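Okay, structure first, notes after.
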Amino acid sequence: MTDLFASIRQTVLAALAAAVPDLPPDIAARVEVTPTRDTAHGDMATNAAMVSAKAARQAPAKLAAAIAEALRADPAIQKADVAGPGFVNLTLDPAVFRAVLPVVLRAGEAYGDSTLGKATRVNVEYVSANPTGPMHIGHCRGAVVGDALANLLAKAGYNVTKEYYINDAGAQVAALAWAAYWRYLQAIGTAMTEEEFSAAVPGGLQYRGDYLIPVGEELARAHGTAFATPDKTVAPPDLWLDTVREKTIDLMMREIRVDLKRLGVDQDVFSSERALVASGAADAMLAKLEADGLIYEGVLEPPKGKTPDDWEPRPQTLFRATEFGDDVDRPLRKSDGSNTYFANDIAYHNDKVSRNYDILIDVLGADHGGYVPRMKAAVRAISQDRVKFEAVLCQIVHIVRGGEPVRMSKRAGTYVTLSDLLDEVGRDAVRFTMLFRKADAQMEFDLDQAIAQTRENPAFYVQYAHARCRSVLRAAAEAQPAASLTPEALADADLSSLTDEADTALIRRLASWPRTVEAAAIAREPHRIAFFLYDLAGDFHMLWNRGRDDSTLRFLQADRPVETRARLALVAATAIAIRSGLRVMGVEPVEEMR
RNA sequence: GCGCCCGUAGCUCAAUUGGAUAGAGCACCAGACUACGAAUCUGGGGGUUGGAGGUUCGAGUCCUUCCGGGCGCGCCA
């Protein structure tokens, strides 16, 4: 077992079982062994007595005393004290903590890997930006959170697929095609003004960003003037719409993939809404729901309070979402007979269900919060409750520079593009900064802070800790060319000199990496990895700085080979844990800062 | 009007998912460099966790209610 906390928990459970022989399993499951907040309370604490007192019909303090007594017999446990209302505080034999280092060194970056997920099949869908323009800051957070969450679940033992859903079927992409067509007309030298053109578009010209100019030029190169009237004005859509739409989506997706690659996001599966509809899967899905009696023609109540001015009762094709926990039944067809987005999305999620996943996780923008209950209802209905649907909502990101709001708009008009952000900040800092917040809380992304080479930039601070570790190991290799400094070799070092409290603090942190991974995976909260690394880096920098005043805490001590070797083991293990965490976040560890 | 999310130090955010005295960074105050890289470090001040009730051994966390902010609320995706 590589998780020291899990191991000690087994010891506690054994002691508890001795004190309360017939304890129900569901009570035992609630027993926790956690790191203490304050080291004055020892190394670990357990709530065993408090959670089982009622079932055991004993006072918590008395039960705690019995558990503590039993635990004191264990050689790994140096002290076991009853505290507060019934905690048992444990102080471990320091050698037990130190024994974590060889475990880390032998495991390498696999340290923290867990079997928690039991190979459960999970599909994580994220980004899924409409192919109507360049990716922007709003997509970025979902991309990073989704990617890190998928990595996290994989590390925790789930069988994970990363997926992108291309929303290429709705009215939006038709509007996009019209916008590209406008750039095409410009490219061939039309005399129309933008206003004249907009008047000719159903619904008006929507996408006016410069990013479609190259698309228009590409269309002009490929098709000459064939898509326009002889006087270079709007030709009948039958002539060009399908071709232009296809070409534009293709080019937009190509650009999105470039952005994703730059961001370090590499999804396994790209699913197309259009392909899904064209295959007949959507209609088949509706037919099946119909056959199951989950669809009816009905009229919805008007929304309470603010009723839209043009509201009027109207019969619709509705899905019985309320039977599965939603607030209201949801429409599946528009009045022109085509499917709503929701209808196609049911089909898409059914596609995922049929690919045999146990859990479907959608990473969505917070503006989709209202969409979650209906999708949850749909997945329950189509999978007969076999598959679990979850959503991770990402709140809005405000870009600021030195406290002032930023609106970059080189190409796209009103929003900050991902590409601009990557140009300025770089992939690793973008990812780290995005993950240094809980996903469902609004965040400010400070550009100055993200590129700062100081402690206030967590991305830098963690990278710096890793670089320092590597720097020490390089220096050691130079000083002792004959010695083997591989992690495996260091795992055999005599560690008994690692007794300073700064040493112990760092080792305690390393010991809690496996439980951090599991807790973060269960909560679907990748930001916890970032905070763990920040704390770990803090412990390491602290130790480094202590070496200024106390030379026995320096990592390289020429006249003390045994101590040096122990400290190198500590450094190497720290570097491994940092890399293990950065890997989850999709951030590349650096060997040196320059 | 209803639903979901949020409200924590002056600012940006944590808090081991119900655990012990609510923690970091920035900012502020006072100190520290002939260095395994000071790209920093040490110490200090700063809180009625929006308000009020409740649940229990124990509440920032759960329940009720009010206040304030964000998002959503029949054929947008």
Side-chain angles (χ1 to χ4, degrees), chain A residues 5 32 34-38 40-41 45 47 50 53 59-61 83-87 89 128 130 132 167 169-173 273 299-308 311-314 316-318 327-345 365-373 393 395-396 400 403 436-438 440-444 446 449 452-458 460-461 464 467-468 471-472 475-476 479 512 515-516 519-520 522-523 525 527-528 531-532 534-535 538 541-542 544-549 551 554-558 592-593:
Chain A
F5 287 86
E32 291 180 333
T34 58
T36 54
R37 278 212 173 97
D38 185 343
H41 297 136
N47 60 356
M50 285 180 289
F87 286 105
N89 290 337
S128 299
N130 297 341
T132 53
N167 297 139
Q172 295 299 321
V173 290
E273 181 181 0
V299 180
L300 291 174
E301 294 287 310
K304 298 279 191 292
K306 277 188 193 167
T307 305
W311 195 91
E312 57 186 46
R314 168 191 311 147
Q316 291 177 295
T317 305
L318 299 169
D327 299 328
V328 60
D329 293 337
R330 303 292 179 175
L332 295 170
R333 282 196 222 279
K334 306 178 193 175
S335 52
D336 67 1
S338 65
N339 292 345
T340 59
Y341 176 80
F342 177 52
N344 287 347
D345 212 20
D367 55 343
H368 286 65
Y371 189 70
V372 173
L393 298 181
Q395 281 286 354
I396 197 166
V400 299
F436 204 62
R437 292 286 178 267
K438 217 163 25 184
D440 63 358
Q442 292 186 21
M443 75 176 287
E444 285 196 5
D446 192 314
Q449 184 174 314
Q453 305 282 290
T454 64
R455 175 166 195 168
E456 65 184 297
N457 177 4
F460 168 82
Y461 194 65
Y464 189 29
R468 275 181 157 173
S471 162
V472 168
S512 66
R515 67 191 306 279
T516 301
I522 289 169
E525 288 181 346
H527 76 278
R528 295 196 199 193
F531 280 95
F532 174 87
Y534 187 68
D535 290 340
H541 288 307
M542 160 92 72
W544 176 291
N545 293 317
R546 293 275 317 272
R548 289 176 185 170
D549 302 328
S551 65
R554 297 194 172 197
F555 300 120
L556 302 176
Q557 302 166 41
E592 56 182 330
M593 311 301 292

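Not measured: the values here are computed from a predicted model. In what follows, chains are A, B, ... by sequence order, proteins preceding strands, each numbered from 1.
Shortest non-hydrogen contact noted between A:Val299 and A:Pro313 is CG1-CB, 3.9 Å. A pairwise comparison of heavy atoms in A:Leu332 and A:Ala343 identifies O-CB, 3.3 Å as the closest pair. In this structure, A:Gln442 and A:Gln395 approach most closely via the heavy-atom pair N-CB, 3.5 Å. Of all the heavy atoms in A:Asn89 and A:Ala45, the pair that sits closest is OD1-CB, 3.5 Å.
If you take atom P in B:A24 and the same atom in B:A15, they sit 15 Å apart, rounded to whole Å. The same atom, P, is picked in B:C73 and in B:G10; the two are 36 Å apart, to the nearest Å. For B:C6 and B:C63, the P atoms lie 11 Å apart once the distance is rounded to whole Å. Straight-line distance between the C1' atoms of B:C62 and B:G1: roughly 27 Å, to the nearest whole Å. Separating the P atom of B:C66 from that of B:A14 is a span of 28 Å, rounded to the nearest Å. Across B:G31 and B:G19, the matching C1' atoms stand 37 Å from one another, rounded to whole Å. Nucleotides B:G60 and B:A20 have their P atoms positioned 9 Å apart, rounded to a whole Å. Across B:G50 and B:A9, the matching P atoms stand 8 Å from one another, rounded to whole Å.
Between the P atom of B:G18 and the CG atom of A:Asn47 lies a distance of 12 Å, rounded to the nearest Å. Here B:C73 presents its P atom at 14 Å from CG of A:Leu300, a figure rounded to the nearest Å. Distance, A:Glu301 CD to B:G3 C1': 16 Å, rounded to whole Å. The interatomic distance linking A:Arg37 (CZ) with B:A15 (C1') rounds to 6 Å, in whole Å. Taking atom CG of A:Asp446 as the reference point, atom P of B:C13 lies 11 Å away to the nearest angstrom. In this entry the distance linking CD of A:Glu456 with C1' of B:A27 reads 10 Å, nearest Å. To the nearest angstrom, P of B:C4 lies 15 Å from CD of A:Gln395. As rounded to whole Å, 10 Å separates atom P of B:C13 from atom CD of A:Gln449.
In B:U17 the O4'-C1'-N dihedral to the base is within 90° of 0, which defines a syn nucleotide.
In this structure, of B:C13, B:U42, B:A38, it is B:A38 that holds the atom nearest to the side chain of A:Arg468. Closest to the side chain of A:Phe87, from the set B:G74, B:U40, B:A20, is B:A20. When distances are taken from the side chain of A:Glu444 to each of B:U12, B:C41, B:U17, the shortest belongs to B:U12. Of the candidates B:U42, B:G25, B:U16, the closest approach to any side-chain atom of A:Arg515 belongs to B:U16. Among B:G74, B:U16, B:A20, the nucleotide with an atom closest to any side-chain atom of A:Ala45 is B:A20. For A:Tyr534, the listed nucleotide lying nearest its side chain is B:G25; candidates were B:U16, B:G25, B:C6. Nearest nucleotide to the side chain of A:Lys438, out of B:C36, B:A14, B:U16: B:A14. The side chain of A:Asn545 approaches B:C41 more closely than any other nucleotide in the set B:C41, B:C71, B:A20. The side chain of A:Glu525 lies closest to B:U17, out of B:C13, B:U17, B:U42. Taking every side-chain heavy atom of A:His527 into account, B:A15 is the closest of B:U40, B:A77, B:A15.
In this structure, a donor-acceptor pair under 3.5 Å is present between the side chains of A:Glu273 and A:Asn344.
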#### Entry: Verdict with reasoning, A:Thr34 to A:Arg515, per side chain to side chain contact (heavy atoms under 4.5 Å, CB included)
CA-CA 9 Å; A:Thr34 58; A:Arg515 67 191 306 279; 3.4 Å; yes

### Task
Show your reasoning for whether side chain to side chain contact (heavy atoms under 4.5 Å, CB included) applies to A:Leu318 and A:Arg330.
CA-CA 5 Å; A:Leu318 299 169; A:Arg330 303 292 179 175; 5.9 Å; no

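B:U34 makes up no base pair with any nucleotide shown, lacking Watson-Crick or G-U wobble contacts both under 3.5 Å. Under the Watson-Crick or G-U wobble criterion, with both distances below 3.5 Å, B:U55 has no partner in any strand shown. Look at B:C11: its Watson-Crick or wobble partner, with both distances under 3.5 angstrom, is B:G25. With both pairing distances under 3.5 Å, B:G3 is matched to B:C71 as a Watson-Crick or G-U wobble pair.
Donor-acceptor pairing under 3.5 Å, judged by distance alone, is present between the side chain of A:Asn89 and the base of B:A20. The base of B:A77 is paired with the side chain of A:His368 by a donor and an acceptor separated by under 3.5 Å.
Residues A:Ala40 and A:Asn457 both approach RNA chain B. Their nearest nucleotides, taken by heavy-atom distance, put A:Ala40 toward the 5′ side. Mapping A:Ala366 and A:Asp535 onto RNA chain B via the closest heavy atom, the residue that lands nearer the 5' end is A:Asp535.
In this structure, A:Pro35 reaches the bases: a heavy-atom distance under 4.0 Å links it to at least one base atom across the strands shown. Among the atoms of the strands shown, base atoms are found under 4.0 Å from some heavy atom of A:Arg314. Heavy atoms of A:Phe555 sit under 4.0 angstrom from at least one base atom. Using a 4.0 Å heavy-atom cutoff across all strands shown, A:Glu32 reaches sugar-phosphate atoms only and no base atom. The residue A:Ala476 sits apart from the nucleic acid: no heavy atom pair falls under 4.0 Å.
A stacking contact links A:Trp544 to B:C36: the aromatic ring centre lies within less than 5.5 Å of the base's six-membered ring centre, and the planes differ by less than 30°.
Side-chain contact between A:Leu556 and A:Val472 is present, with at least one heavy-atom pair separated by less than 4.5 Å.
Regarding contacts with the backbone of B:A27, every side-chain N or O of A:Arg455 stays at 4.0 angstrom or more from both OP1 and OP2.
The only option from A:Phe532, A:Tyr461, A:Phe460, A:Phe531 that meets the ring pair (Phe, Tyr, Trp, His ring centres under 6.0 Å) definition with A:Phe436 turns out to be A:Phe531.
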